[in-house]
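Presented below is the structure to which this report refers.
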Amino acid sequence: MKNKVKTAVTPTRVEDYPEWYQQVIKASDLAERSPVRGCMVIKPWGYAIWENIMDVLNGMFKATGVKNAYFPLFIPLSFLEKEAAHVEGFAKECAVVTHHRLEPATDREGLVPAGPLTEPLVVRPTSETIIGESFSRWVSSYRDLPILINQWANVVRWEMRTRMFLRTSEFLWQEGHTAHATREEALERTHMMLEIYAGFAREYLAMPVIKGRKTPSERFPGAEDTLCIESMMQDRKALQVGTSHFLGQNFARASQIRFQSPQETEEYAWTTSWGVSTRMIGGLIMSHADDDGIVLPPKIASAQVVLMPIFRKPDDKSRVMEYVKSLEKELSSRFYHHRRICVEVDSRDIGGTRNWDWIKKGIPLRVEIGPRDIDENAVFVARRDRKHNDKTSMKREDFVGGIVNLLDEIQQNLLDRAAENLHAHSVKIDDAASFYDYFTPKNSEKPEIHGGFAHCHWCGSAGCEAGIKEDLSVTIRCAPFESEAEEGKCIRCGGPSHSRVIFAKAY
RNA sequence: CGGGACGUGGCUCAGUCUGGUAGAGCACAGCGUUCGGGACGCUGGGGUCGCAAGUUCAAAUCUUGCCGUCCCGACCA
């Protein structure tokens with residue numbers, strides 16, 4: 001251990017990936033655990049990322065005609081019961097409100113629930129049913145369609161096992177709900193939103209994703225078809241980053257969303273729903289963070305640059321601060337991909353700790369400014385995608401003028417690295433022995449990072465899918481759209497297959 | 001809900017076996033010296049030892065119950 005490089009986060013990814021993940025969140029000040037089981041407090045540095053995600057996606061959604069609205073947190077139990085598959089999928093994880101009042105307890109100190117509700121209310125695990133009820137009243141003619149609605153909300157799913165950002169009992173998300181006159185139009189919308197998610201993940205989160213279709217067993221409860229984008233984390237596990245569902249007429253029937261067609265017949269509408277959640281932030285961490293903390297892609301970063309004034313003598317302070325203030329103003333007035341550059345100024349005199357704080361927080365650019373720089377009208381710049389001591393002096397005007405390019409370069413670099421990870425650990429496997437070998441860690445006690453995305457043939461039977469899951473905890477992430485037709489034999493049973501699907505361990 | 005580990009200042013932990021009334025390092029605050037750097041010295045603040053019962057003259061330490069956290073499974077964005 002004597003030559004071991006000191007890292008800001010311990011353990012490192014290689015040493016203990018799950019623990020590393022927790023420590024990165026702590027070190028980067030994104031979030032903390034809450035007193036409520038399975039819930040989290042998203043701190044300002046983490047919430048700013050979510051705000052940026054909301055900002056960009058809102059623009060993308062609205063450009064396709066989607067409007068935002070808000071529906072109730074509470075859903076009458078009877079609504080949830082309307083769609084059979086939906087109930088079955090969500091019943092186990094619903095939080096239920098049964099009372100509307102608290103009273104002093106008679107047998108002890110404290111309060112007890114009183115005033116039972118005539119009908120229990122479910123805290124929304126998703127909003128198809130209650131939005132469907134509204135849609136049913138909003139639609140009577142084909143002229144009322146399509147309805148294109150999105151809401152930003154919190155939802156609750158009572159999970160057995162939680163992980164910060166990746167799976168919490170309460171999480172923040174966006175859920176889009178649309179209703180259409182035709183199957184084709186609803187299908188088109190389902191694909192359109194998946195494309196938006198894929199583009200967003202790639203261009204903003206610097207996460208390369210694979211677009212594909214879920215198998216029936218992984219489908220959204222009540223959906224006719226579920227499309228998804230899957231990304232590979234640094235431990236080679238898959239993370240579902242977003243989903244888009246074609247709901248057919250299932251929910252329209254359940255919620256009575258009917259309309260009169262041009263031919264004067266009564267029809268059920270065709271609906272879709274699609275969402276991404278704060279889970280994306282977990283994906284961001286596991287895609288880009290290193291052993292010194294998180295690494296934020298500039299386009300979605302809480303802030304793009306921190307200015308750190310350095311003064312050795314007291315009389316340096318005023319001229320350094322003046323220079324820093326003017327630089328802050330100059331940078332803040334510039335735009336980076338339609339948003340103002342967000343600048344932090346950290347003038348705490350706490351030595352190297354200050355620098356490492358910002359490394360751990362993953363800010364793309366760290367700029368040191370001292371008397372020497374001012375004399376040369378320069379700045380001293382470090383990039384988060386390079387080593388911590390790799391710093392270069394730049395002329396102030398070059399830095400200010402070139403900051404957009406510099407940020408773009410970092411953004412691109414992160415995407416390239418993530419893409420490299422994806423490609424390096426994607427393989428085609430055609431025999432069962434290799435498949436089992438690929439997904440079996442050498443150290444079963446404490447599994448090392450292993451596996452990846454295995455592109456294999458699958459006969460389409462749920463039995464083969466379940467068998468593999470049983471044996472290896474490996475699931476079919478999706479049938480990728482880009483997977484071309486190819487004859488082959490199922491990796492498990494040898495039965496005929498016409499294209500490959502992706503097997504992987506998943507979050 | 002099963003299997004394992006663990007709950008002691010903000011963090012990491014020692015102390016628990018062999019009960020005697022709470023410690024270290026880091027972090028925090030003040031002062032000074034440093035400093036393009038994860039610095040150093042001095043001084044100081046902060047803990048009913050997860051909760052509750054029990055045993056005892058005495059419990060962080062022993063007993064029982066409960067709660068919570070993390071890891072591994074089953075369930076899921």
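As the structure is a computational prediction, the values presented were derived from the model and not from experiment. Below, chain A is the first sequence line, B the second, and so on; all start at residue 1.
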Opposite nucleotide pairing with [N], Watson-Crick or G-U, both atom distances under 3.5 Å:
{"N": "B:G44", "result": "B:C28"}
{"N": "B:A74", "result": "none"}
{"N": "B:G54", "result": "B:C62"}
{"N": "B:G7", "result": "B:C67"}
{"N": "B:C35", "result": "none"}
{"N": "B:G19", "result": "none"}
{"N": "B:C49", "result": "none"}

Would you please say whether a donor-acceptor pair under 3.5 Å links the side chains of [X] and [Y]?
{"X": "A:T126", "Y": "A:R124", "answer": "no"}
{"X": "A:K211", "Y": "A:H191", "answer": "no"}
{"X": "A:T226", "Y": "A:H245", "answer": "yes"}
{"X": "A:T190", "Y": "A:S244", "answer": "no"}
{"X": "A:S461", "Y": "A:R492", "answer": "no"}

Euclidean distance, atom [atom1] of residue [X] to atom [atom2] of [N] [Å, nearest integer]:
{"X": "A:E376", "N": "B:G36", "atom1": "CD", "atom2": "C1'", "result": "12 Å"}
{"X": "A:Q23", "N": "B:C71", "atom1": "CD", "atom2": "C1'", "result": "14 Å"}
{"X": "A:D235", "N": "B:C71", "atom1": "CG", "atom2": "P", "result": "13 Å"}
{"X": "A:E19", "N": "B:U12", "atom1": "CD", "atom2": "P", "result": "9 Å"}
{"X": "A:E128", "N": "B:A77", "atom1": "CD", "atom2": "P", "result": "11 Å"}

Under 4.0 angstrom, heavy atoms only, what part of the nucleic acid is [X] near: base, sugar-phosphate, or nothing?
{"X": "A:R33", "answer": "sugar-phosphate"}
{"X": "A:T168", "answer": "base"}
{"X": "A:D373", "answer": "base"}
{"X": "A:E159", "answer": "base"}
{"X": "A:P221", "answer": "nothing"}
{"X": "A:L166", "answer": "base"}

For [N] versus [M], give the span between their [atom1] atoms, rounded off to a whole number of Å.
{"N": "B:G54", "M": "B:U61", "atom1": "P", "value": "14 Å"}
{"N": "B:U56", "M": "B:U64", "atom1": "C1'", "value": "16 Å"}
{"N": "B:U43", "M": "B:A59", "atom1": "P", "value": "34 Å"}
{"N": "B:G46", "M": "B:A22", "atom1": "P", "value": "14 Å"}
{"N": "B:G10", "M": "B:U48", "atom1": "P", "value": "9 Å"}
{"N": "B:A24", "M": "B:G41", "atom1": "P", "value": "15 Å"}
{"N": "B:G25", "M": "B:U8", "atom1": "C1'", "value": "15 Å"}
{"N": "B:C49", "M": "B:G32", "atom1": "C1'", "value": "36 Å"}

Side-chain donor/acceptor contact of A:R372 with base of B:G36 under 3.5 Å
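Yes, a donor-acceptor pair under 3.5 Å.
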Is a donor-acceptor pair below 3.5 Å formed from side chain A:E368 to base B:G37, judging by atom type as modelled?
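Present.
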From [options], nucleotide with atom closest to [X] side chain:
{"X": "A:R157", "options": "B:C72, B:G38, B:A77", "value": "B:A77"}
{"X": "A:W356", "options": "B:G38, B:C35, B:A74", "value": "B:G38"}
{"X": "A:K92", "options": "B:G38, B:G37, B:C75", "value": "B:C75"}
{"X": "A:E93", "options": "B:C75, B:G37, B:U34", "value": "B:C75"}
{"X": "A:R167", "options": "B:C76, B:G36, B:C71", "value": "B:C76"}
{"X": "A:D349", "options": "B:U34, B:G36, B:G37", "value": "B:U34"}
{"X": "A:F380", "options": "B:C71, B:G36, B:G38", "value": "B:G36"}
{"X": "A:N355", "options": "B:C71, B:G37, B:G73", "value": "B:G37"}

Quick one: are A:K325 and A:E322 in side-chain contact, heavy atoms under 4.5 Å?
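No. Closest side-chain heavy atoms not under 4.5 Å.
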Any side-chain heavy-atom pair of A:E93 and A:P125 under 4.5 Å
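No; the side chains remain at least 4.5 Å from each other.
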Which atom pair, heavy atoms only, marks the closest approach of A:I410 to A:P364?
CD1-O, 3.9 Å
Regarding A:R396 and the six-membered ring of A:Y323, is the cationic atom NZ or CZ under 6.0 Å from the ring centre and inside 45° of its axis?
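That pair qualifies as a cation-pi contact.
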Does OP1 or OP2 of B:C75 have a side-chain N or O of A:K469 closer than 4.0 Å?
yes
For RNA chain B, the residues among residues 275-292 of chain A that have a non-hydrogen atom under 4.0 Å from it:
A:S277, A:R279
Between A:T243 and A:P371, just flag the one whose closest nucleotide in RNA chain B comes earlier from the 5' side.
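In this pair, the answer is A:P371.
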Answer yes or no: are there more than 12 heavy-atom neighbours, outside A:R163 itself, under 6.0 Å from its atom CZ?
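It does: A:R163 CZ has more than 12 such atoms within range.
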Only one of A:F220, A:F246, A:F61 passes ring pair (Phe, Tyr, Trp, His ring centres under 6.0 Å) with A:W274; say which it is.
A:F61
Mark this stacking check for A:F171 against B:A77 as yes or no, applying ring centres under 5.5 Å and ring planes under 30°.
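Taking the rule of under 5.5 Å and under 30°, the ring of A:F171 does stack on B:A77.
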